[in-house]
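Everything numeric in this text was worked out from a predicted model, so none of it was measured. Read the numbers this way: they start at 1 and go in the same order the structure lists the ligands and their atoms.
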Amino acid sequence: MKKKEGAFYNFMRIVKIFPQSWLLYITIIVVIILSGITIFYSYLMKGLIDAALSKNLSVFFRFLYWVIGSIICELILTYLKIKLSGKYAELGVARLRKLIAEHLSLLPLSKLENNHSGDYISRLTNDVNRIQTFASETIIEIIYRPLAALGAFCYLTFLSWKLTLLTTLLVPILFLGAVILSNPMTKYSKQLQERLGVVNSIVQETIFGIEISKAFNLKERLERKYNSAVDNTVKSAKALAKRNALLNSFSHLISLVPFLICFCIGGYWVVRGEMTPGSLIAFINLLNHLTFPISVLPTLLGQVKTDMVAAGRLFEILDIKVEREGGQVFRADGKDVVVQFNNVSFAYEGQGEKVLNNLSFKINRGEVVALVGPSGSGKSTIVKLLLGYYEDFTGEIKVFEESLHEWNLTALREQISFVSQDTYLFPESIRENINYGKLKATFEEIVSAAKVANAHEFIMNLRDGYDTKVGELGGKLSGGQKQRISIARAVLKNAPLLLLDEPTSALDTDSEALVQEALDRFMKERTVLIIAHRLSTIKNADRILVIDQGRIVEEGTHDQLLKKGGLYSQLYYRQMANEEIIERKEVM
Ligand SMILES: Nc1ncnc2c1ncn2[C@@H]1O[C@H](COP(=O)(O)OP(=O)(O)OP(=O)(O)O)[C@@H](O)[C@H]1O
């Protein structure tokens, strides 16, 4: 992913994205008033002590009322500060989450393939959480602390400019040292976030690959991989914590040095009568308000740096260019040629070798065309290009007689029903999963689509029928059942072009027969491009295109190709022989 650096740049982007900025502005005003109250306390304290020492009760009580009033004000304003900043952070983070989720759904497949989904999840959880803390706490602190320090500095100068100068002389040098100490935190934090992303990816692998991991006894290997990833995060976290501890100790030094100077010089002046005890106590109290904010600033700065690293990682996602929008909404009806490839060549991003080489073929309306060929020959790539997943091919692809580049991608996909070999069902009810084929479909339409897909019967045998949650069932649905639900989804869509990418390859013979029966019913009077490994399933195709290394090497009907005695017949007879061996083994 492309990286944009700069904490300030990221900070400004957060402010721009977060809605209801007025919440932030009001919080800042509240914070300014709170800083004023802090300084006011010191003034009141000086008045109280001096009035007590001079035994002037009426002045003493006047100051006391002001103290009580200020405390009430401070309580109300602190409540407001936390409430408003919390609301600002909640609304902002919700917007950020929605923006990223929407952006992810609009990304081209080619970009999504570059990162592990675990890394995206890590960004959407760990990094978003950091932004939430930043927006609700750090952002206010980083405004409040310098303001409080500035106010205290002004009042201290008013009380005794000489003592202020002497006590704060070393602060800028110490502060600079702390800033230098906080510098490597960006690097450590970036490393930690990236390593957390790797841990998330392994957790995901462990969950999704649980079956294989058990079958192949990979538990120990996965455990080792996970432990090593966790150990790496510990290393980064340790480096970060070490730097943080160093920074905190240094910050403490910033707050202690001025006090030491103040006690020595101020005490001496009180003894000599050059300063009243009230002034010295007010001075010391106020000094606290100067040194404390300054001492926490380097830590806060380190915090901001790590938070901005998290923001940068989120903006990396938002900066990936989404799939192209626009294009035209063409009609599919009345077009005789449904698919046309003219000298199409294509290579995946970052891969030198071409997957498709000057490929040309045509599919007419109503034809059933099969793509066969050795593994890796480029069959699925053809389907992916037709769905508009990758557009950086050379040559020309036409769908319903219009150039793919001219099509609006949503409109193009409206005209295509797609059934892939990897059936993905959303963790919702079966009814909803079929419904995604046509969102406005009635329940009757859903049921009739399930009947065409040979799925109705098994769905009705489930306890909750169409309302059965697929997520709850998890792996309890068989591969064939899942495939039939995905066929029902495609049936419901009722698009004029049907793309089938090895829809039965992962199934056993019984399931395959049921799915094949459903497909045969569904394929009638439709234009179909089917990729098949089991060549027996495409014997009846109008035309078979044999692909090898991204080129069409043979073309014809099943009988014609067998007679020809080329690659197709080799593949076919090899498969027949394998199936015979398997059948014989089963009989024995
Ligand atoms: N997203 C991708 N990025 C990079 N290379 C890819 C990608 N998808 C596929 N390939 C490569 O492109 C080539 C063609 O893959 P494709 O999936 O189109 O073949 P196929 O004929 O459908 O294979 P199979 O029959 O095994 O499914 C292969 O070498 C594959 O490794």
Q: Any idea how F11 and F134 line up, ring-wise: parallel (<30°), tilted (30 to 60°), or perpendicular (>60°)?
A: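 Geometry flag for F134 against F11: perpendicular rings.
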Q: Would you call the rings of F346 and Y348 parallel, tilted or perpendicular, taking 30° and 60° as the class edges?
A: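 Answer is perpendicular, since the angle exceeds 60°.
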Q: Any atom of ligand 1 sitting under 4.0 Å from a heavy atom of H533?
A: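 H533 counts as a contact of ligand 1 under the 4.0 Å cut-off.
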Q: At a 4.0 Å threshold, what atoms of ligand 1 neighbour a non-hydrogen atom of K384?
A: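 Listed by number with element: 8 (N).
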Q: Quick one: look up the protein heavy atom nearest atom 23 (O) of ligand 1 and list residue, atom name and how far away it is.
A: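 For atom 23 (O) of ligand 1, the nearest protein heavy atom comes out as G376 N, 2.9 Å.
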Q: Tell me whether the guanidinium CZ or amine NZ of R431 lies under 6.0 angstrom from the six-membered ring centre of F443 and within 45° of its axis.
A: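 Output yes; distance and angle both within limits.
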Q: Apply side chain to side chain contact (heavy atoms under 4.5 Å, CB included) to R543 and Q560, showing your working.
A: CA-CA 10 Å; R543 228 157 10 107; Q560 285 167 345; over 6 Å; no
Q: I'd like to know whether the aromatic ring centres of Y424 and F426 sit less than 6.0 Å apart in this structure.
A: yes
Q: Which protein heavy atom lies closest to atom 25 (O) of ligand 1, and at what distance to 0.1 Å?
A: K379 NZ, 2.8 Å
Q: Given L425, which partner from the list Q481, Q483, E432, K482 fulfils the side chain to side chain contact (heavy atoms under 4.5 Å, CB included) test?
A: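 So the option named by the test is K482.
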Q: State if G373 counts as touching ligand 1 under the rule of any non-hydrogen atom under 4.0 Å.
A: no
Q: Protein heavy atoms near atom 2 (C) of ligand 1, is at least one of them under 4.0 angstrom away?
A: yes
Q: Does E502 approach ligand 1 within less than 4.0 angstrom via side chain, backbone, both or neither, non-hydrogen atoms only?
A: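 Contact part for E502 vs ligand 1: side chain (C-beta onward).
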Q: Out of Y390, Y348, Y389, indicate the one that has the non-hydrogen atom closest to atom 8 (N) of ligand 1.
A: Y348
Q: Atom 18 (O) of ligand 1: which protein heavy atom is closest, and how many Å away?
A: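 Checking every protein heavy atom, the shortest distance to atom 18 (O) of ligand 1 gives T381 OG1, 2.5 Å.
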Q: Write out the residue and atom name of the closest protein heavy atom to atom 17 (O) of ligand 1, then the distance separating them to 0.1 Å.
A: S380 CB, 3.5 Å
Q: Just how far is it from atom CZ of F330 to atom NZ of K398, taken to the nearest 0.5 Å?
A: 10.0 Å
Q: Which protein non-hydrogen atom lies closest to atom 26 (O) of ligand 1, naming both residue and atom, and how far is it?
A: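 Protein heavy atom with the smallest distance to atom 26 (O) of ligand 1: S375 OG, 2.6 Å.
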Q: For a quick test of reading the model, state the closest non-hydrogen atom pair linking S380 to D501 and the distance between them.
A: OG-OD2, 3.0 Å
Q: Is at least one protein non-hydrogen atom found at under 4.0 angstrom from atom 15 (O) of ligand 1?
A: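 Given the 4.0 Å cut-off, atom 15 (O) of ligand 1 counts as touching protein heavy atoms.
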Q: Which of the atoms of ligand 1 are close to G378, meaning less than 4.0 Å from one of its heavy atoms?
A: 14 (C), 18 (O), 19 (O), 20 (P), 21 (O)
Q: Which residue, V338, N364, V368, forms the side chain to side chain contact (heavy atoms under 4.5 Å, CB included) with T527?
A: V338
